Visitor: 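Input: one structure, supplied below.
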Amino acid sequence: MEIETTWGSIAVEWLDGRVCGCALPFLSAPPGKPFAIVNCGDDPVSSFVASVFSGTGAKCPALAEPHGTAFQRQVWQAIAGIPFGQTKTYGELAKDIGRPKAVRAVGSACGKNLLPLFIPCHRVVGSKGGLGGFSAGLPWKRFLLEAEHARAINCS
DNA sequence: GGCGCCGTCTTCT
DNA sequence: AGAAGACGGCGCC
């Protein structure tokens, strides 16, 4: 299914009611227009996505077993544990999974996350308040953090 | 404060 | 094996 927004169409795939894929249009620069959802269903998945953008944090729907290495799953699981509206640094995440020095590897694992929005990799920021990166483009990450009232970033 | 280099760990070529 | 990546820290200008 697809959710149409003023920033492009968000494609979400699922199997047996479990989300197994999510793709956002890549944005290298923020579109001039404000973000808005144009066409959105009322199923659990759609409403979850809508809630993420509106900053009202609904319950995350069931996710399919993610495909990845053991290390990546650990990272993703740790990310999934970040409370709504809060952020965590790559370093803290690394420490949480027992590899305090594997921060670089953690970042790498984030980039391979197939379920942005559902696994909130946008809540992972750099230790100095930097944004780090985002697979679909930083504008999404900035917007999402702003929507969740994250103050750990430099909202200029 | 900003820039650059090195350390560290996992994954792809 | 070698290279690269969504980092962190420290030293230097």
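Convention: sequence-line order gives letters A, B, ...; per-chain numbering from 1. Fair warning: this is a prediction, and the values are worked out from it, not measured in the lab.
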Visitor: Atom NZ of K88(A) and atom P of dG8(C): how far apart are they, to the nearest Å?
Guide: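 Rounded to whole Å, this separation is 14 Å.
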Visitor: Which dot-bracket notation, 5' to 3', represents the base pairing of DNA chain B when pairs are defined as Watson-Crick or G-U with both distances under 3.5 Å, crossing pairs as [ ], and inter-strand pairs as |?
Guide: |||||||.|||||
Visitor: Can you measure from NZ (K141(A)) to CD (E146(A)) and round to the nearest 0.5 angstrom?
Guide: 14.0 Å
Visitor: With a non-hydrogen cut-off below 4.0 angstrom, is G126(A) in contact with a base, only sugar-phosphate, or nothing?
Guide: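 The residue G126(A) makes sugar-phosphate contact but no base contact.
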Visitor: Tell me if a side-chain donor or acceptor on R18(A) pairs with a main-chain N or O of D16(A) at a distance below 3.5 Å.
Guide: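 The answer is no, because no donor-acceptor pair under 3.5 Å joins these two groups.
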Visitor: Tell me whether the count of non-hydrogen atoms from other residues, nucleotides or ligands lying under 6.0 Å of CG in N39(A) goes above 12.
Guide: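 Counting other residues, nucleotides and ligands, CG of N39(A) exceeds 12 neighbours.
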Visitor: Can you tell me the distance, in whole Å, between the NZ atom of K128(A) and the C1' atom of dG9(C)?
Guide: 7 Å
Visitor: To the nearest angstrom, how far is K141(A) atom NZ from dC7(C) atom C1'?
Guide: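 That distance rounds to 11 Å.
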Visitor: Would you call the rings of F35(A) and W7(A) parallel, tilted or perpendicular, taking 30° and 60° as the class edges?
Guide: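 The arrangement is perpendicular - the two ring planes meet at more than 60°.
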Visitor: In B/S/- notation, 5' to 3', how is nucleotides 8-13 of chain B contacted by protein heavy atoms closer than 4.0 Å?
Guide: BBSS--
Visitor: Just verifying a value: how many Å separate F118(A) CZ and I79(A) CD1, rounded to the nearest 0.5 Å?
Guide: 15.0 Å
Visitor: What distance separates R142(A) CZ from L27(A) CG, expressed to the nearest 0.5 Å?
Guide: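 Separation between the atoms: 10.5 Å.
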Visitor: H122(A) vs W140(A), test: side chain to side chain contact (heavy atoms under 4.5 Å, CB included). Steps then yes/no.
Guide: CA-CA 8 Å; H122(A) 56 274; W140(A) 290 109; over 6 Å; no
Visitor: So, applying side chain to side chain contact (heavy atoms under 4.5 Å, CB included) with I119(A), which one of L63(A), I82(A), L114(A) is it?
Guide: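 Output: one option passes, namely L63(A).
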